Number of protein chains: 4
Amino acid sequence: MKQTEKPNGRAERSKQAILDATRDLLAADGDVGSLTVEAVAARSGVAKTTIYRRWRDKWELALDAVMIDMLPSFANPVDVGDTRNELITFVDSVVKIWSSRPYGPAMQALVSQISTQPELARVYRERVVEPRRDQLAPVIERGIRRGDLRPDTDVRLVHEFLVGPILYRLLLSGPPLDRKLGTRLVDGILEGFKPPEKAAGTKRRR
Amino acid sequence: MKQTEKPNGRAERSKQAILDATRDLLAADGDVGSLTVEAVAARSGVAKTTIYRRWRDKWELALDAVMIDMLPSFANPVDVGDTRNELITFVDSVVKIWSSRPYGPAMQALVSQISTQPELARVYRERVVEPRRDQLAPVIERGIRRGDLRPDTDVRLVHEFLVGPILYRLLLSGPPLDRKLGTRLVDGILEGFKPPEKAAGTKRRR
Amino acid sequence: MKQTEKPNGRAERSKQAILDATRDLLAADGDVGSLTVEAVAARSGVAKTTIYRRWRDKWELALDAVMIDMLPSFANPVDVGDTRNELITFVDSVVKIWSSRPYGPAMQALVSQISTQPELARVYRERVVEPRRDQLAPVIERGIRRGDLRPDTDVRLVHEFLVGPILYRLLLSGPPLDRKLGTRLVDGILEGFKPPEKAAGTKRRR
Amino acid sequence: MKQTEKPNGRAERSKQAILDATRDLLAADGDVGSLTVEAVAARSGVAKTTIYRRWRDKWELALDAVMIDMLPSFANPVDVGDTRNELITFVDSVVKIWSSRPYGPAMQALVSQISTQPELARVYRERVVEPRRDQLAPVIERGIRRGDLRPDTDVRLVHEFLVGPILYRLLLSGPPLDRKLGTRLVDGILEGFKPPEKAAGTKRRR
DNA sequence: GACTAAGCGAGACGGTACGTCGCGTCTTAAA
DNA sequence: TTTAAGACGCGACGTACCGTCTCGCTTAGTC
């Protein structure tokens with residue numbers, strides 16, 4: 001049995017120490033500059049070499065550190081018989097994670113690296129984007145079956161409509177991510193912006 | 001008269017050389033790392049000192065360089081009598097700028113700095129986010145007057161629904177920014193995802 | 001019986017493998033840098049631990065490796081009835097060993113460590129310098145008895161006159177160690193540099 | 001005028017600080033390990049980069065540091081009408097420099113690098129070996145003219161006879177470099193080791 | 001038409017962190 | 001019990017850019 005797989009072996013212990021130190025540093029302040037491999041090494045009581053043995057550079061480390069406990073915190077929307085509520089559950093979990101430390105600031109700091117380094121992008125898509133879309137898919141399916149959503153509703157498009165605006169606020173457009181944001185987004189895309197009287201008779205253009 | 005204000009003085013000439021070099025380096029490859037102050041100095045035939053005299057650091061320089069010719073390229077949607085077309089014009093100009101060099105890659109590279117440094121964020125909002133919202137406002141107003149949009153349509157929300165998903169694709173979710181994207185986004189938010197027969201009788205919740 | 005003393009025990013076999021690997025690496029190229037403990041371990045198929053069990057550090061190992069087969073290769077000058085020839089035999093064995101691989105390059109690489117670390121210096125003197133002087137002593141004694149050398153000839157001084165210049169060439173002054181070098185050195189110290197007519201009547205100053 | 005050539009410019013000041021720190025560290029203890037570029041930087045209040053800008057590695061720096069004030073300290077033997085005294089003057093200056101700090105220990109530490117790195121070897125020969133031989137040449141010439149030395153006396157050989165044994169003691173054979181050493185060496189090579197009565201009638205073999 | 005001071009090129013500098021290398025120690029599983 | 005395998009703490013390496021700092025030279029604008 002390899003050492004790395006042993007639950008409480010030295011390898012595992014130092015790995016945890018590194019990830020903890022990384023999260024601490026990311027949470028300490030939003031400054032990307034605070035996350036240095038040397039600082040992680042110092043804080044975790046681990047040698048720099050040990051860090052580089054496991055992660056190619058500090059961005060891979062940071063992504064790992066934030067993803068590992070970001071993933072389980074996603075609310076998995078269960079069937080509550082109400083599509084709107086299920087969508088709000090989904091979108092609120094996005095708002096919640098990105099408005100909490102260290103995840104919001106970490107995302108701000110990491111996003112340039114993720115979108116720039118193909119390997120990081122691949123990992124992020126595989127481990128975050130796709131799982132989240134897979135969580136949303138059954139909600140959409142149930143919504144269509146219930147008659148709450150158009151039969152041709154595209155999961156990918158809905159996903160982008162729900163997450164994109166939150167990302168835009170987090171990164172560029174500024175206003176804080178407040179509690180009501182999720183509800184407004186869900187209502188926005190459910191109802192659309194055409195006035196009801198006109199919407200009734202409109203043929204959907206695609 | 002100060003030299004800086006003279007149209008073709010030494011100061012102005014070197015400023016242009018610096019901005020040009022910056023754009024060249026950003027366009028050369030998507031790698032952020034290629035943009036170093038020393039590289040800019042070398043390529044523009046200017047001393048590093050001269051760069052630091054004008055910009056606090058390379059991120060301010062980079063933001064300046066890309067904003068300066070990004071701004072005039074925004075399509076200003078004119079009144080064509082059709083709200084949907086006007087919205088598509090707006091959103092297509094976002095898709096277009098972010099899918100072209102060096103603006104897309106530059107945005108990917110800069111977004112972490114913008115969202116992390118308050119001063120950069122302020123500048124970006126003042127000079128990009130708000131002007132774009134100001135462009136969108138008359139479109140929304142005309143749409144409401146024409147009866148194409150609900151009377152309570154929120155410009156800010158529509159803006160975020162149109163730009164957010166594009167940003168999400170550019171940075172994280174991956175799929176390329178294609179030509180049909182703008183149309184799909186506009187139709188998505190106009191119609192909403194409720195089926196027509198139900199949407200007709202629904203009371204909007206806000 | 002301890003394993004270390006068993007002629008073909010595991011201990012003895014790995015010791016030989018380590019020494020062989022060390023010599024190979026030293027011979028491979030003159031570069032000292034090629035001799036790393038990790039390289040020795042890899043090449044000998046032995047764990048680093050096993051090396052450190054036997055040698056304090058790589059310099060002790062290296063010195064051991066080169067001394068072990070350097071020692072028996074010393075020509076032990078036998079009584080051939082001619083002092084000059086016996087001295088040439090002695091000095092030529094020094095020239096020969098230091099102009100061959102890996103001994104010359106190894107000496108160049110090791111000399112700083114030997115002269116710097118007291119323990120290594122002690123070992124080198126006990127196992128190389130003194131045995132060689134002990135080889136030279138009977139040659140000098142026979143030379144004095146035969147009337148070929150002054151009665152007060154100092155073995156230590158002759159030894160240093162014969163070996164020193166060779167070492168100087170090997171390490172610093174540069175010219176290659178050629179075959180005639182031994183003869184020139186022996187003649188140089190036998191005759192001295194005073195002209196014969198004067199030397200005859202000179203009283204030796206000491 | 002280049003800054004580097006300015007006698008008290010920043011460049012020159014930091015260069016001196018670096019060389020001083022290097023000598024201090026070399027003198028502090030004979031340990032080679034004490035001479036680290038980082039230690040030199042720390043002690044001299046200079047950035048590591050500044051050191052690497054001028055010297056390829058710590059060995060070039062060390063060689064420079066010791067050579068610079070070793071060279072002027074060489075006693076240049078003047079014509080005192082007595083060849084033996086002039087030779088003793090020469091050889092004593094070698095004994096003296098190598099028995100003083102930091103030059104002796106530094107030489108012990110550096111000799112492996114000098115003899116191993118062709119570039120260092122070239123510098124050492126050009127700046128130390130050859131100048132010293134050039135100092136010895138006129139002594140030999142005068143000695144021949146005076147009839148104190150054989151007409152075919154080879155400067156190179158005499159030089160090696162005088163310096164080699166000292167080097168051998170410094171590095172390997174052990175006994176300290178004492179004050180009488182120079183005299184013994186000069187007498188040794190002047191008289192040779194053949195007994196006077198035999199030496200008179202001997203034909204020199206070369 | 002010379003004088004002078006601001007702005008500039010050039011590039012060395014102190015500094016921080018990088019990612020790498022090899023040392024010598026320590027842990028673990030298998031022989 | 002000893003070994004091979006190899007992770008680890010450590011310390012230094014040499015590099016890359018950062019942003020600051022002289023230093024003369026250029027170059028306008030003033031006298």
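No experiment lies behind these values; they were computed from the predicted model shown. Numbers restart at 1 for each chain; the letters A, B, ... are given by sequence-line order, proteins then strands.
- Among all heavy-atom pairs drawn from C/Leu19 and C/Ile68, the shortest one is CD1-CD1, 3.8 Å.
- Listed by chain and number, the residues in a salt bridge (charged side-chain N to carboxylate O under 4.0 Å, His left out) with B/Asp20 are B/Arg23 (sequence neighbours excluded).
- Per the geometry, CH2 belonging to B/Trp59 stands 12 Å off C1' belonging to F/dC18, to the nearest Å.
- Considering only side-chain N and O atoms, C/Arg54 lies nowhere under 4.0 angstrom from the phosphate OP1 or OP2 of E/dG24.
- The nearest pair of heavy atoms linking B/Ala39 to B/Ser34 is CB-O, 3.9 Å.
- Between the CG atom of D/Leu61 and the P atom of F/dA12 there is a distance of 16 Å, given to the nearest Å.
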Original post:
For nucleotides 14-19 of chain E, read 5' to 3', which letter fits each nucleotide if B means a protein heavy atom sits under 4.0 Å from the base, S means only the sugar-phosphate is that close, and - means neither?
Top reply: BB-SBB
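- Here the straight-line distance linking atom CG of A/Leu171 with atom CD1 of B/Ile114 works out to 9.5 Å at 0.5 Å rounding.
- The structure places CD1 of B/Ile18 at 4.5 Å from CH2 of B/Trp55, a figure rounded to the nearest 0.5 Å.
- Rounded to whole Å, the distance from CH2 on A/Trp55 to P on E/dT20 is 15 Å.
- Counting to the nearest Å, the P atom of E/dG11 and the CD1 atom of B/Ile51 are 15 Å from each other.
- What you find for B/Ala65 and B/Thr22 is that their closest heavy atoms are CB-CG2, 3.7 Å.
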